[in-house]
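Just below is one structure, and these are the notes that go with it.
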Amino acid sequence: MNKTVTRVLVAKYDELPVRVGQAIKIGEHEIALFRLSNGDVRALENKSPHPKGGVLSEGLVSGEYVFCPLYDWKISLIDGKVQEPDQGQVKTYQVEIDGDHVYIVF
Amino acid sequence: MEKRKLVMVGNGMAGVRTIEEILKINKDLFDITIFGKEPYPNYNRIQLSNVLQGEATWDEIIMNGWNWYKDHHIQLHAGESVIKIDVEQKRVYSDRGRVVEYDELILATGSLPFILPIPGVDKQGVIGFRDIQDCKTMIEAAKHYKKAVVIGAGLLGLEAASGLVKLGMQVDVVHLMSHIMEKQLDATAAQMLQKELEAQGINFLLEKETVAILGDECVKGLRFKDGTEIEADLVVMAAGIVPNVRLAKESGIYVNRGIIVNDYLETNIPNVYAVGECTEHREIVYGLVAPLYEQAKVLAENLCGIREKRYEGSVVGTQLKVSGVDLFSAGEIYENQTTKAIKVHNEWNGVYKKVLIRDRRIVGIVLYGDTKDSTRLFRMMTQKQDISDMAEIVFLQAPGQEASGNNVAAMPDDEVICGCNGVTKGTIASAIQTHNLTTVEQVGACTNAGRSCGRCKSLIAHLLEHTLGDAFYQTAQKETLCACTDLSSGELVAEIREKGLTSIKEIMNVLGWKTEEGCSKCRPALNYFLGVLYPEYEDDRDSRLVNEKMHANIQKDGTYSVVPRMYGGVTTASDLRKIADVAEKYNVPLVKLTGGQRIALFGIKKEDLPNVWADLEIPSGYAYGKTLRTVKTCVGAQFCRYGTQDSMSLGIELEKRFERLDTPNKVKMGVSACPRNCAEAGIKDVGIVGVDGGWEIYVGGNGGTDLRAADLLCKVKTEEEVFDIVGAYLQYYRETAKYLERTSKWIERVGLDHVKEVLCDEEKRKELNERLYRTLARYEDPWKKAIEDETIRHRYYTKRSIVVNTK
Ligand SMILES: Cc1cc2nc3c(=O)[nH]c(=O)nc-3n(C[C@H](O)[C@H](O)[C@H](O)COP(=O)(O)OP(=O)(O)OC[C@H]3O[C@@H](n4cnc5c(N)ncnc54)[C@H](O)[C@@H]3O)c2cc1C
Ligand code: SF4
């Protein structure tokens with residue numbers, strides 16, 4: 001079976017603020033996009049892994065982590081893993097940067 | 001009996017130790033006066049290296065704070081030098097024109113960095129490494145410049161270089177010899193050390209003789225004898241130290257290299273003594289504290305009339321305080337015909353050990369990479385133990401058989417744990433038992449162990465752990481701000497202030513944060529501290545948590561609530577109409593009255609927030625902030641028959657004056673116009689109650705989690721006085737509370753009486769209010785700003801929707 005790869009243009013790199021998450025809706029996907037201090041751009045599903053839910057885009061960004069704005073869980077922006085002592089996993093999306101264009105790859 | 005007058009010149013490590021020893025023997029013998037050139041109380045000079053390397057704070061290196069002098073009735077003239085001694089009249093003269101008579105005089109003037117006799121050393125940016133000022137200069141230079149050169153690869157030079165690298169500078173170490181630390185290490189150990197330091201980022205230029213320092217006013221570079229040159233923005237001279245003897249010499253005291261003293265630390269002049277690095281004893285000048293402390297003890301006894309023990313000279317061992325480096329050296333370094341060496345060189349593990357033996361006795365030790373044997377070998381050396389039947393097994397022990405090292409349980413009682421102070425395991429263990437000591441600091445205060453270079457602190461901790469068991473863990477923990485730092489919030493603020501740090505990033509860099517950009521606990525706290533310390537501080541919005549960042553309260557479904565300001569709980573028909581219109585226009589699912597006498601709109605989408613605010617045209621009520629929330633008022637004299645005062649107008653004015661101010665946690669106020677107290681002012685952070693002829697001011701009340709009735713702070717006559725007191729109170733709370741500490745907890749911690757005392761002082765009140773109003777001037781309405789500022793809307797309040805076909 002053939003798997004097609006879709007790239008969706010989501011933002012201009014220069015317009016992405018550093019350390020401030022951006023909420024993006026692509027079709028059915030709710031995504032939180034983060035530009036880090038080191039220049040990388042990372043994307044997570046915009047949904048707190050906490051059982052009570054919530055968004056992640058407004059969380060405090062520190063290095064390669066975001067703190068859940070509602071329950072203060074620390075979540076890796078690299079692999080979506082919730083850090084100790086809490087547990088959980090957030091879905092990550094692949095990001096591609098091409099010149100000034102930032103894409104999410106499905 | 002009248003006390004004798006004891007004067008000491010020099011407020012450094014050896015001198016103050018002498019005073020401590022005297023006080024231990026007899027507190028009442030002397031009237032003590034100390035002159036110290038540096039404007040600080042006695043601090044731990046050794047640990048300047050640790051401060052530079054970010055491993056200790058300024059506070060931590062103070063050994064005897066200002067209060068110590070006060071408590072012991074010692075007259076300290078800090079920042080004042082003695083410039084002349086009249087040994088006939090027995091008087092000293094200071095550079096501030098002070099003349100003090102003495103019965104006994106101690107000279108403890110230490111050393112000065114040896115400044116090479118070459119052209120250019122007087123340029124700006126050329127310094128030694130000796131005192132707090134030098135250290136501050138380096139930390140400051142690292143902020144503005146890139147390139148540092150350290151001249152001299154001895155102990156001081158390497159510690160300075162390592163610190164400068166950690167401060168982000170590019171560092172060259174210039175050394176005259178072919179290997180570094182040649183006074184303490186042989187070539188093999190030196191090469192191992194050099195490799196390690198190179199890996200840490202230090203560059204070495206060996207066999208280079210500096211002949212000139214280049215530049216105009218400020219240093220620009222160095223020239224070497226071979227004609228080559230290098231660039232430099234900062235030059236640290238660490239080519240050695242020279243005893244500071246000028247004062248003694250000019251006063252007719254006999255001086256060779258140092259001030260000559262006998263075994264009782266007496267100079268050639270009666271009643272004049274010398275101790276520390278400025279002395280020369282049996283032709284030796286010392287540069288490490290251990291022998292100086294031995295001198296201090298003998299001198300103290302002598303001054304107290306006990307002439308039993310002589311000072312007969314010391315054998316010293318050296319360690320280097322650079323993290324990642326473990327080395328120890330003592331006695332002779334180089335082999336010759338009369339010595340035999342035992343050596344182990346494990347290139348695999350990076351360990352090198354050499355012991356030099358003459359006539360069956362250890363005369364020299366060099367250890368690199370593993371110094372566990374150092375105390376044991378050093379003891380064998382100083383006690384001149386016969387080693388013929390133990391020799392080479394010293395090194396290659398099977399695992400688990402280590403006789404000493406970190407295994408404190410197995411150490412004999414007479415083994416020295418603190419080399420600087422010569423304190424044995426037995427002394428520490430019995431002090432722990434008899435004085436119920438639980439922390440390393442207490443052990444230091446009691447026995448002096450660990451108070452100098454600090455290397456043995458981990459051993460002391462092990463010993464505490466071993467002696468106390470579990471009790472140790474419960475007491476040893478201090479409350480740090482968060483896991484990113486070892487500092488408590490009080491220590492942090494002191495550090496920020498002391499070092500003049502002005503941004504979160506700088507704080508994290510300079511104070512050695514363990515995480516890259518902090519966490520959700522320290523970032524908001526640091527942002528808050530900076531805002532308090534500097535009225536003009538520019539807020540770092542992205543270091544605030546969601547509600548304060550968004551200027552709205554996030555709800556569990558990711559929507560927000562909006563609460564417009566309603567000063568004093570008083571509103572108008574037109575404001576109500578606007579609120580109603582917004583509620584309809586945005587399909588607001590819930591409109592509710594809050595506990596603070598205002599109206600909240602719940603369930604607003606993030607991307608609608610700026611539009612909602614624009615439609616409302618009312619400032620933010622800050623219902624989300626650690627700031628003044630509401631001032632609840634009763635109707636008061638305007639309408640109520642009991643009212644004695646106009647509570648509404650006072651409440652409105654209070655809210656207008658103090659709104660938006662960042663505080664450690666939220667602040668709620670209430671104003672009632674009579675003691676019936678309909679505004680429930682008795683459970684507010686600040687509660688005002690009108691009485692005949694004035695107002696009562698209550699503080700520290702809380703109606704929430706830690707329910708607490710407010711305390712009466714004072715009674716005043718006019719509204720102006722209310723503003724004056726409340727303003728000063730708020731500012732004092734801001735400056736002294738821990739971050740997130742409500743007034744109810746804070747007032748119990750610092751004490752109501754203390755707060756009263758501060759606020760009674762008119763001068764202090766004035767200063768507090770000045771700082772407060774300067775801070776207040778920096779705020780503007782955040783909703784209005786969001787409406788007007790496109791970038792803010794773009795950063796915080798947009799949601800992109802992209803319609804795609806992802807099939
Ligand atoms: C960076 C650094 C690291 C060190 N590391 C170690 C180590 O790891 N281990 C170790 O054992 N030792 C170490 N030392 C050495 C140790 O600090 C000194 O041996 C010790 O401080 C000497 O004590 P002192 O009292 O003789 O002199 P100081 O501590 O220098 O005190 C002398 C004081 O007298 C003041 N003074 C001088 N003249 C006058 C005057 N006319 N009037 C008034 N005041 C005057 C000076 O300003 C100074 O404050 C280190 C030193 C430095 C600088
Ligand atoms: S507190 Fe007193 S003045 Fe105010 S409303 Fe109640 S009764 Fe009236």
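Order of the sequence lines fixes the chain letters, A, B, ..., with proteins taken first and strands second; residue numbering starts at 1 for each chain.
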Polar contact flag, side-chain donor to acceptor under 3.5 angstrom, B/Thr57-B/Glu491: no

B/Tyr624 and B/His551 side chains, donor-acceptor separation under 3.5 Å: yes

Qualifying residue for salt bridge (Lys or Arg N to Asp or Glu O under 4.0 Å) with A/Glu58, from B/Lys606, B/Arg544, B/Lys549: B/Lys606

When B/Lys521, B/Glu516, B/Lys556, B/Arg541 are compared by non-hydrogen pairs under 4.5 Å with chain A, the top option: B/Lys556

Contacting moiety of A/Val10, where chain B heavy atoms sit under 4.5 Å: both

Residue among A/Gly54, A/Gly63, A/Gly53 with most heavy-atom pairs under 4.5 Å to chain B: A/Gly63

When A/Lys25, A/His50, A/Lys74, A/Glu28 are compared by non-hydrogen pairs under 4.5 Å with chain B, the top option: A/Lys25

Region of A/Tyr65 in contact with chain B, defined by heavy-atom distances below 4.5 Å: neither

Side chain, backbone, both or neither of B/Asp542 within contact of chain A (heavy atoms, under 4.5 Å): both

Contacting moiety of A/Leu16, where chain B heavy atoms sit under 4.5 Å: side chain

Any donor-acceptor N or O pair under 3.5 Å, side chains B/Tyr739, B/Asn665: no

Considering all heavy atoms, the nearest B/Tyr560-B/Gly558 contact: CE1-O, 3.5 Å

Proximal component of B/Gln555, with respect to chain A [non-hydrogen, under 4.5 Å]: backbone

Contact leader toward chain B among A/Val55, A/Asn46, A/Val20, where contacts are heavy-atom pairs under 4.5 Å: A/Val20

B/Tyr586 and B/Asp615: side chain donor to acceptor below 3.5 Å: yes

Polar contact flag, side-chain donor to acceptor under 3.5 angstrom, B/Tyr537-B/Asn527: yes

